[in-house]
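I have placed the structure first, in the form of C-alpha cells, so that the comments after it can refer back to it.
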Amino acid sequence: LKTLALFVVILAGAMLIYAGQDLPAFGDPDSPAYQHRMTQYFIENSLSESGVPNIVTALLANYRGYDTLGETTVIFTAGMAVILLLRRRER
Amino acid sequence: MSRIQESVIIRTVVRIMVPFILLFALYVIMHGASGPGGGFQGGVIFGAGIILYAMIYGIAAGKKKMSDALDRILASTGLVIFAGTGLLCIIFEGMFLQYGAVPLLPDNPAEVSKYLIDFVEIGIGITVLAVMISLFFDVSLPESESEEAEE
C-alpha cells in the first residue's frame with residue numbers, strides 16, 4: 001500500500017511539474033494577467049476609488065469585500081467545527 | 001513538564017519575545033492598507049505569539065491569558081465587526097460593503113473607505129487569531145491532561 005501511495009505522489013508531482021512548464025515566466029509583462037484590461041483599471045483607479053495605496057488590500061477588502069467576508073466566515077466555521085468535534089467538557 | 005519547558009534560556013527568551021511578536025502582529029494588521037500585511041497575516045502572527053507562550057509556559061498558563069470563553073467571543077466578534085461594517089453601509093443608503101456611502105467625510109468617500117478597510121482588517125484579524133488559538137488549545141488538550149495525570 002505504501003508503494004502505491006508513493007507512486008501516486010510521484011505521479012501527481014510529475015504532472016504538476018509538467019504543467020508548471022506552461023506558466024508564464026515570473027514578472028513576464030506579456031502574461032495574460034498583466035495584459036487584461038482589468039489590471040490596467042485597478043492600477044489606475046484603485047487609489048482614487050478606495051483610498052488605499054496597497055492594490056492587493058484594495059482588491060481584497062473593497063472590490064472583493066464580499067468574497068473576503070466569505071473567507072472569514074469559512075475560518076470561523078472551521079474553528080467552530082473543531083471546537084464541536086474535539087473540545088472536551090471541563091471536569 | 002518536558003525538558004524544553006524547564007530551560008531557563010527558553011523561558012526567558014520567550015518572555016522577552018512574546019510582547020514584540022504581539023506588537024508586530026498589531027503593526028501588520030494596521031499596516032495592511034498601505035503595505036504588505038493585513039488581517040489574515042497579522043491574526044496568524046498574534047495567534048503564533050500566544051501559542052508560543054502556551055507551548056513554553058504550559059497550556060494552563062496560556063489559557064489564563066486567553067480563556068476558551070474569550071476565544072469564542074472574539075471569534076464571533078471579529079465576524080460581527082466585518083459584517084456590521086457592511087450593514088453600516090446599507091444603513092447609509094449604500095450597497096453592502098460599499099464603504100464610500102458612510103457619510104463620515106461627505107466630500108471624500110475614498111478617505112472613508114480607507115478607514116473602514118482598516119476596521120474590516122481588524123475584524124478579520126480578531127477572528128483569525130481567536131480561531132488559531134482555539135485550534136491549538138483543542139488539539140493540545142489531551143496531552144495536557146496526560147501531563148496533569150503524570151504529576
Side-chain angles (χ1 to χ4, degrees), chain A residues 5 20 23-29 31-91, chain B residues 31-40 43-44 68 71-72 74-83 85-86 89 95-100 105 108-121 123-128 130-142 145 148:
Chain A
L23 284 176
F26 182 73
D28 182 9
S31 70
Y34 289 110
Q35 290 298 317
H36 200 274
R37 58 200 161 85
M38 288 311 284
T39 309
Q40 200 62 34
Y41 177 83
F42 287 136
I43 290 173
E44 282 167 1
N45 296 315
S46 72
L47 180 59
S48 59
E49 282 183 357
S50 67
V52 174
N54 186 354
I55 299 177
V56 176
T57 304
L59 277 169
L60 180 97
N62 200 328
Y63 296 107
R64 308 199 56 157
Y66 202 71
D67 181 60
T68 309
L69 178 62
E71 280 173 35
T72 316
T73 315
V74 165
I75 290 182
F76 173 76
T77 313
M80 290 301 121
V82 170
I83 285 178
L84 283 175
L85 289 173
L86 291 185
R87 179 160 297 175
R88 301 177 184 179
R89 214 161 277 280
E90 303 287 330
R91 283 162 296 172
Chain B
H31 202 62
S34 44
F40 290 102
V44 168
D68 290 344
D71 253 0
R72 265 172 295 176
L74 282 184
S76 40
T77 305
L79 206 51
V80 165
I81 288 177
F82 197 153
T85 311
C89 303
M95 285 177 282
F96 188 64
L97 289 171
Q98 186 193 359
Y99 306 116
L105 302 160
N108 196 350
E111 195 75 7
V112 177
S113 144
K114 184 171 129 191
Y115 293 123
L116 287 185
I117 284 177
D118 275 343
F119 212 61
V120 161
E121 297 275 12
I124 299 172
I126 291 175
T127 298
V128 171
V131 168
M132 279 295 145
I133 295 167
S134 93
L135 284 185
F136 173 74
F137 282 153
D138 284 342
V139 172
S140 65
L141 193 56
E145 277 177 357
E148 282 165 15

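Within every chain, numbering begins at 1; the chains are lettered A, B, ... in the order of the sequence lines, protein sequences first and strands thereafter.
- Atom CZ of B/F96 has more than 12 neighbouring heavy atoms from other residues, nucleotides or ligands inside a 6.0 Å radius.
- In terms of the side chain to side chain donor-acceptor pair (under 3.5 Å) criterion, residue partners of A/Y41 (sequence neighbours excluded) are, by chain and number, A/E49.
- Between the CD1 atom of B/I124 and the OG1 atom of A/T72 there is a distance of 4.5 Å, given to the nearest 0.5 Å.
- The residue among A/A61, A/A58, A/A78, A/G79 with the most heavy atom pairs within less than 4.5 Å of chain B is A/A61.
- Heavy atoms closer than 4.5 Å to chain B are found in both the backbone and the side chain of A/S50.
- In terms of non-hydrogen atom pairs under 4.5 Å with chain B, the most contact-rich of A/T73, A/L47, A/V56 is A/T73.
- Between chain A and the options B/S76, B/G38, B/G123, heavy-atom pairs under 4.5 Å are most frequent for B/S76.
- Atom-to-atom distance recorded for A/N62:CG and B/I117:CD1 is 4.5 Å, nearest 0.5 angstrom.
- Contact annotation for B/T85: neither backbone nor side-chain heavy atoms come within less than 4.5 Å of a heavy atom of chain A.
- Atoms OG1 and NZ, from A/T57 and B/K114 in turn, are 12.5 Å apart once rounded to the nearest 0.5 Å.
- Atom CZ of residue A/F76 and atom OG1 of residue B/T77 lie 9.0 Å apart, to the nearest 0.5 angstrom.
- With chain B as partner, the option from A/L69, A/I75, A/V52 having the largest number of non-hydrogen pairs under 4.5 angstrom is A/L69.
- Heavy-atom neighbours of A/Y63 OH from other residues, nucleotides or ligands within 6.0 Å: above the threshold of 12.
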side-chain contact (heavy atoms from CB on, under 4.5 Å) evaluation trace for A/L60 with B/E121: CA-CA 10 Å; A/L60 180 97; B/E121 297 275 12; 4.2 Å; yes

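- The CG atom of B/L97 lies 8.5 Å from the OG1 atom of A/T68; values are rounded to the nearest 0.5 Å.
- Proximity to chain A is limited to the side chain of B/F40, based on heavy atoms less than 4.5 angstrom apart.
- Note: A/I83 CD1 to B/D68 CG = 7.5 Å, rounded to the nearest 0.5 Å.
- Counting heavy-atom pairs closer than 4.5 Å to chain A, the top residue among B/P36, B/G35, B/G39 is B/G35.
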